[in-house]
Every structure is written in structure tokens, then in C-alpha cells.
K.L.:
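Dropping the structure in here first, questions after.
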2 protein chains.
Amino acid sequence: MDIRDVAQHAKVSIATVSRTINGVPTVDKELARRVWAAIEELNYFPNTQARALVSGRTRLFGLLVSEITNPFFPELIQGFEEVAVENGYEILIGSTNYDPERMSLCVRRMIERSVEGVAVMTFGVEQPLLEELASRRVPMVFVDAGPPGELVRPLLVDYRKGIHEGVQHLAVLGHREFGYISGPLRHRSSQLRKAAFLEALETIGVTPRKDWIVEGDHTLEGGMQCMDAMLAAGSLPTALLCSNDMTAIGALRVLNKAGLRVPEDVSLIGFDDIHLAEFVNPPLTTVRMSRNDLARAAFNALRSIAEGQELSGQPRTWRVPTALTVRQSTGYPRGTDAVGKKKRVKK
Amino acid sequence: MDIRDVAQHAKVSIATVSRTINGVPTVDKELARRVWAAIEELNYFPNTQARALVSGRTRLFGLLVSEITNPFFPELIQGFEEVAVENGYEILIGSTNYDPERMSLCVRRMIERSVEGVAVMTFGVEQPLLEELASRRVPMVFVDAGPPGELVRPLLVDYRKGIHEGVQHLAVLGHREFGYISGPLRHRSSQLRKAAFLEALETIGVTPRKDWIVEGDHTLEGGMQCMDAMLAAGSLPTALLCSNDMTAIGALRVLNKAGLRVPEDVSLIGFDDIHLAEFVNPPLTTVRMSRNDLARAAFNALRSIAEGQELSGQPRTWRVPTALTVRQSTGYPRGTDAVGKKKRVKK
DNA sequence: ATGAAAGCGCTAACAA
DNA sequence: TTGTTAGCGCTTTCAT
């Protein structure tokens, strides 16, 4: 069953059917009505392959993620799927699992299916693969980084705001001893978060202590290891920020096991605000980066490049906001008399 | 850049290029070599749209899930993606979010993109939508249920084995007081699990207590509510099985908050063995249903229908195994002297 | 074993 | 405003 059947049924030419479906305004109302009726009756769906072939537009975007089983990504995918479908696009998901070979395969799949753009949401990025895409003039968006290019846009996450809010929040509670478990520093986004943290400390006039700043890997296991190490080293800050929630949850687990209470002994702040953050014990105070905002920014950026909508001449900048979500993993520093409503720092 | 460029480059006809790419055996070795060289040099990828249009085969499968943010599904998706890609297929993911309207939209998307089959992995199933697919002769697979049909196959999960193992394990430890938090009983898979549980109790000669058998909804929140209710009701079994891990984790959380210890006060068994199960405290004993096995079964079943490989005449049956994974949420019943290595039940 | 050519279902340029 | 027609890039007869 194809466009010809519809045309026949509606007693018009196939061109009229095509025009009707595509919303060309010059179609006569009456004819359009007949066409829609025929479509309805026959339960006709246009053939996407044929459409794509002739128009050169697949209405397909690639979405490259690090690891679909990391809770961060399904939330991102959900948001992306939603906007994409709203706008008549489909998405091709590729999960690289931190493996360059799989990443390469993903890129290949995207090219083979002629995606009109790729959102690169992986933590690490392999240069050569992106050149493959760039050479085929496939638009791309990246989080934070990404080589600038005619068809490439970065999504700028406002780490500073959220992390400053977190540090400020702790400072107000009376904290002066801060620790930080970063993400893997080979990743730009980990660097940016850490830099934002250090900058925030400076703002409140606290000098960072080297042994309280360690490098994790953004996994739960990594968070546990870092916390174990810090505990073994003997001294503990009163407040600990983590580069993502999984790390914070790992740290939390180790603290609990060691008989230390959160937030009474140590205040803990994560980053991302994954769903799980709300359900650990105690619920995690964290810097929220909305996966939905990120997904929408990625989609809109991609679409505006793909559809050549950047009329204004210079490419638009896409920003993703962050904000502190206060839950129950932060409190007064240990040794503080915290009975009253107002903070009363010992010293 | 298209097949003609390759043909020209290799000084052969486009037909030969096509044959070479598709592995038609009659192609002369030397010509094939030239073709591959040209493909390599030009960095040529066949156009999937054109291929699909002429061959009628999209090499696309739909994967319908309930909610991509439920940790069960990403693991399933990962497995499905892996097999699919290995076999040159792509997948179109549709997340219904338990919303019939979204489900309907998903089905529409699948049809529009001409998927060659749909794996329906959602918990609930809307009859009419499946008829839409069936009427277009789209092969389908279902977990547990699914109306039989020429192009429809059920994936039979062996709930009984895993759940019997779980109950047996508890019985050996000395438990005689069993509770069960089921999934939503409007779903066939919840019914089957519960039936398997009751059957297992019968096997060990224990009569189920009605007030210890409650209906949950397979969410963490639901598990918490059920546990709260059971606690409020006053009496508690010594062992509690849950219809899935999220439920068990919810129950665990409430138990912990109430000052009850697992497994000292209550033994707990989940179902699914999601990644998280290993990382809660204590690590959860659970019945493992491998998402990978399930995904592979779904893919293979779909493929064998789509490619008409069921030579044997009668459709093949696809089974998915389950097995108990013992961790640390199960132990001797409370009130038992469990100091020795051997079990020593009081009575 | 290879090539020429028809045609998959659709859009868009052109003609009427 | 509508219809006729060329062709998107490929696979697959059919003829050689």
C-alpha cells in the first residue's frame, strides 16, 4: 500500500497527496479533505525510507553516550527522546562503554544510517572519529568541550553557579575544612568542576588542603576507594564535595560503614542530582544539572545547525543551568553546637 | 558519493559493486578486490535508505520498554543493542512511561520507520496497538504473555526454578514464616511470580499467611509503602520475598529505618538482580533473570520470525532461565542460635 | 561471471 | 492549483 493507492482512492494525483501530507499551503481544501479521508480509511503511513532517499533528510539524530547503565544517561536519553519525537525526529543510541573500538563502531553506525547530527554526550572523546563525522559534514554538539567547527557547537554547562552555591551553603553552615573528590581529570568536564570548586573556595577565603583533594573516576566504586583512602590517611574535612552523585554515594557508603554519620560528622554534596540521590540515606544534597535541560539544549542545538536556522550570522551559544538542591546530607560542622536555629560556630 | 563512484573507480558496473558488498559468491576474486579497494579509498558507505527502499528490509527492530529510567531496562537495552549491532540491525527504542497514549505514539513511530519486528518488553500491554502491528504483519515477541499469532512469540521466563531455589534456600536456613510483596497483579508476569512463590511454599509444606502477602507495584516507593504497612500491622515474617529488586530495596530501606536488621531480623530476597542489588547494604540475595539472556532471546526470536528461519514447521519456544544469587540479605531466622557453622534451628 | 536496465515509494521541478 | 515526470541510490531480474 503506497501513495498511489491513496491518490487513487482520493481521485487525485500522487503529487497532490504528497503536497497534502507535507502541508504545502496551495492545496485546495476540498482535495486535501479527500486525501486525508483516504489516508485515514486506508490507514496509510508514508514510507520513511523513500522519503529520506529523495529528500536527503532522515530526521534521525545520533545520541552517543558512555554507558547506558549509568543512571545519568537514561534520564538524558528520556529527555532527548521526548523532544526528538515531539519534533518528528528519531534517535539512534550508541553506547560506547568507554571502549574506543565500540565508539568507532557507533560512529560507523551513525554514518551508515545517515544521521543528520550527533549529540556526543560521552565523557571522553576520540578525536579521529569526530573528524570522520566532520568530514561528512555531520553536525555535532558536545558537552563543555569539542573542537569548534562550522557544524560543531559546545553545550556550556554553568558549573560555577551550582558549585558556588554548594560551597556557599556549606560556608554559611560554618564549614572551613573542605574536601573534594574530582572526576577523572583527563576529562574537561571534571576539570571545569574542580576549577569551579577551587574558585568557590577562594571566594569564601579558604585555602584548599592538598590531601583533601583527590581524583576519583565518577563511579560508585571509585567513590568508595577515594573515601577509604581519605579515611586511612587519618584526617577528614568537615565538608566533602564530589564531582558527581555516584562518587558521593560511594563515599557515603564508606562513611556509613566506618561508623561516621552524615551530616553530623561530615557534610556531603554531590553533583548531577540523579534520581537515586533522593533515595539514599540521608538524601543527598547535590548540585542539580537537569538532564532534561541538557537533552533539550543538545537537541535544539543540533536541529538549528541541521536545519540551518542560525540566521543571525554567528552561531548561537547554548547554556545549561545548574542549581543547588539542598537535602539532608549537609549540616553544621562536627563539634559545632547546633541546637539553636542560628548557626553558632564554635570558634 | 555513491555506488556509481565506486563502480567507476573500480572499473566495474554498479551491479558488480552491489554484488561484492552483499557477498554474492559468483563475483570474480580480482574484481571483488578492486571493488573493496575502491570502497576503502573513497571511504564509501552504502546508503541505508536506498537499500531499505529497494530490498524492503530496514534491518530495524523496535524495542518497547516501560520506562527507560527504571534500571531494569537500560541493562536490557544494552544487551539488545549488542546482539542487534553484531547482526547488522539497529534498534528503535520507545519508552511508554506507562502511558497508553505514549505507547500508541511509540507504535506509530515503529510503523512509520518500518521496523521488521518489535520486542514488547513493557509490563502492561495495550491490546489494540498490537493489533495494529499484527495487521501490518510486524513480528512481535512478548515476555510471558502475548496473544499467540502467526508472527508472535512469547518469551517464557522460568520463574519457577529461581523462586523455588530462593524459597528452598530460606527453608534450609530454617525459615517457616514467609512474606511476599508481589508486583501489580494485573500483569501476567507478577501473577506468574506470585504463583511460583505459592507453589514453592507448598513444596516445603508451609501454608501462606494472607496478611504477609501484599501487592506492591514494582517501584522503590511501592516497596517502602508495603513494608511500612506490614510493620504497622504488627506481625512480621522471618523471611520476605519481593517480586522485584526495587521493591526489595524499598522494603530494606524501611526495615533499616525502623531499626530492624537484615538478615538478622528479617531475611530478604529480591528478583531480577539489577546492578544496584549488589551495592545496597547488605548486598541483596536475589533471583537473577539475566537481562542479557532476555535481550538475546528477544532478538533471536524476532530475527528468526522476520527472516523466516523457522524451517522446522512449528515455531520454536524461547526460554529464559533464572537462578538464585545468594548474597548477604538472607540468614537464619531471628531467634535462632546461629553461632556455629552449621544451622541449628531452635525448635 | 558481468552489465544494462527496471523499479522500490516518494519529492520536487516543470508544465499545464 | 494540479498533474506529469525525473530521479534519489540501491538491488535484482534479464540478457549476454
Side-chain angles (χ1 to χ4, degrees), chain A residues 1-39 42-60 88 90 111-116 136-137 307-308, chain B residues 1-39 42-60 88 90 111-116 136-138 307:
Chain A
M1 205 239 318
D2 62 17
I3 200 173
R4 270 179 293 267
D5 298 316
V6 178
Q8 214 167 350
H9 222 81
K11 300 196 202 309
V12 296
S13 70
I14 60 168
T16 299
V17 176
S18 175
R19 288 191 192 102
T20 305
I21 290 172
N22 293 296
V24 173
T26 64
V27 179
D28 182 89
K29 293 243 180 205
E30 167 58 14
L31 288 196
R33 205 195 46 69
R34 275 182 8 223
V35 169
W36 285 122
I39 288 175
L42 295 176
N43 205 356
Y44 164 80
F45 284 39
N47 179 311
T48 316
Q49 282 62 253
R51 259 180 152 171
L53 181 58
V54 59
S55 70
R57 302 221 31 212
T58 54
R59 298 194 79 85
L60 234 196
E90 282 300 337
I111 294 175
E112 282 183 339
R113 295 273 167 176
S114 320
V115 297
E116 292 185 45
R136 291 173 191 269
R137 302 192 53 75
E307 300 184 355
Chain B
M1 206 244 313
D2 62 18
I3 200 174
R4 270 180 294 267
D5 299 314
V6 178
Q8 213 168 348
H9 222 81
K11 300 197 202 310
V12 296
S13 71
I14 60 168
T16 299
V17 176
S18 175
R19 289 193 191 103
T20 305
I21 290 172
N22 293 298
V24 174
T26 62
V27 180
D28 183 87
K29 293 243 181 204
E30 167 57 15
L31 289 197
R33 205 195 47 68
R34 277 183 7 225
V35 169
W36 285 120
I39 288 175
L42 296 176
N43 204 356
Y44 165 79
F45 285 38
N47 179 311
T48 316
Q49 282 60 254
R51 258 181 154 172
L53 181 58
V54 59
S55 70
R57 302 222 28 213
T58 54
R59 298 194 79 83
L60 234 195
E90 283 300 337
I111 294 174
E112 282 183 339
R113 296 272 167 178
S114 321
V115 296
E116 291 184 45
R136 291 173 191 270
R137 303 191 52 76
V138 178
E307 301 184 353

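All chains are named by letter (A, B, ...) in the order of the sequence lines, taking the proteins before the strands, and each is independently numbered beginning at 1.
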K.L.:
May I ask you to test the B/E30-B/R34 pair for a side-chain heavy-atom distance under 4.5 Å?
P.N.:
yes
K.L.:
Go nucleotide by nucleotide along DNA chain C from the 5' end; which of B/S55 and B/D28 gets its closest nucleotide reached first?
P.N.:
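Its nearest nucleotide lies further toward 5', so the answer is B/D28.
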K.L.:
Can you tell me how far P of C/dC8 sits from CG of A/D5, to the nearest Å?
P.N.:
12 Å
K.L.:
Where the side chain of B/V54 is concerned, which of C/dT11, C/dA13, C/dG7 is the nearest nucleotide?
P.N.:
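Ranking C/dT11, C/dA13, C/dG7 by closest atom to the B/V54 side chain puts C/dG7 first.
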K.L.:
Nearest-Å distance, CD1 (B/I3) to P (C/dA6)?
P.N.:
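Atom-to-atom, B/I3 to C/dA6, this comes out as 17 Å.
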K.L.:
If I take atom CZ in residue B/R51 and atom C1' in nucleotide C/dG7, what distance separates them, rounded to the nearest angstrom?
P.N.:
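Rounded to whole Å, this separation is 18 Å.
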K.L.:
Measuring from atom CD1 of B/I14 to atom CD of B/Q8, what distance do you get when rounded to the nearest 0.5 angstrom?
P.N.:
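So the gap between those two atoms works out to 11.5 Å.
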K.L.:
In Å, rounded to the nearest 0.5 Å, how long is the span from CE of A/M1 to CG of A/L42?
P.N.:
6.0 Å
K.L.:
Roughly how many Å is it from CD1 in A/I21 to P in C/dC10, rounded to a whole number?
P.N.:
7 Å
K.L.:
With rounding to the nearest 0.5 Å, note down the distance linking CZ in B/R51 to CD in A/Q49.
P.N.:
13.5 Å
K.L.:
Rounded to whole angstroms, how far apart are CG on A/N47 and C1' on C/dG7?
P.N.:
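Distance check: A/N47 CG to C/dG7 C1' gives 14 Å.
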K.L.:
CG of B/L31 versus P of C/dA1: gap in Å, rounded?
P.N.:
11 Å
K.L.:
C/dT11 phosphate, OP1 or OP2: any side-chain N/O from A/S18 under 4.0 angstrom?
P.N.:
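Answer yes for this pair, as a side-chain N or O of A/S18 is under 4.0 Å from OP1 or OP2.
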K.L.:
Just the rounded figure in Å: distance from P of C/dC10 to CZ of A/R59.
P.N.:
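Result: 17 Å.
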K.L.:
As an exercise, state the distance from CD1 of A/I39 to CZ of A/F45, rounded to the nearest 0.5 Å.
P.N.:
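Taking CD1 in A/I39 and CZ in A/F45, the distance rounds to 10.5 Å.
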K.L.:
Heavy atoms of chain A, cut-off under 4.0 Å: which first and last nucleotide of DNA chain D, 5' to 3', fall inside that, if you could look?
P.N.:
D/dT1 to D/dG9
K.L.:
Testing A/T58, A/L60, A/V115 for side chain to side chain contact (heavy atoms under 4.5 Å, CB included) with A/E90, which one passes?
P.N.:
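Of all the options given, the one that passes is A/L60.
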K.L.:
Measure the distance from CD on B/Q8 to P on C/dG3 and round it to the nearest whole Å.
P.N.:
13 Å
K.L.:
Are the side chains of B/R136 and A/N43 in touch, meaning some heavy atoms are under 4.5 Å apart?
P.N.:
yes
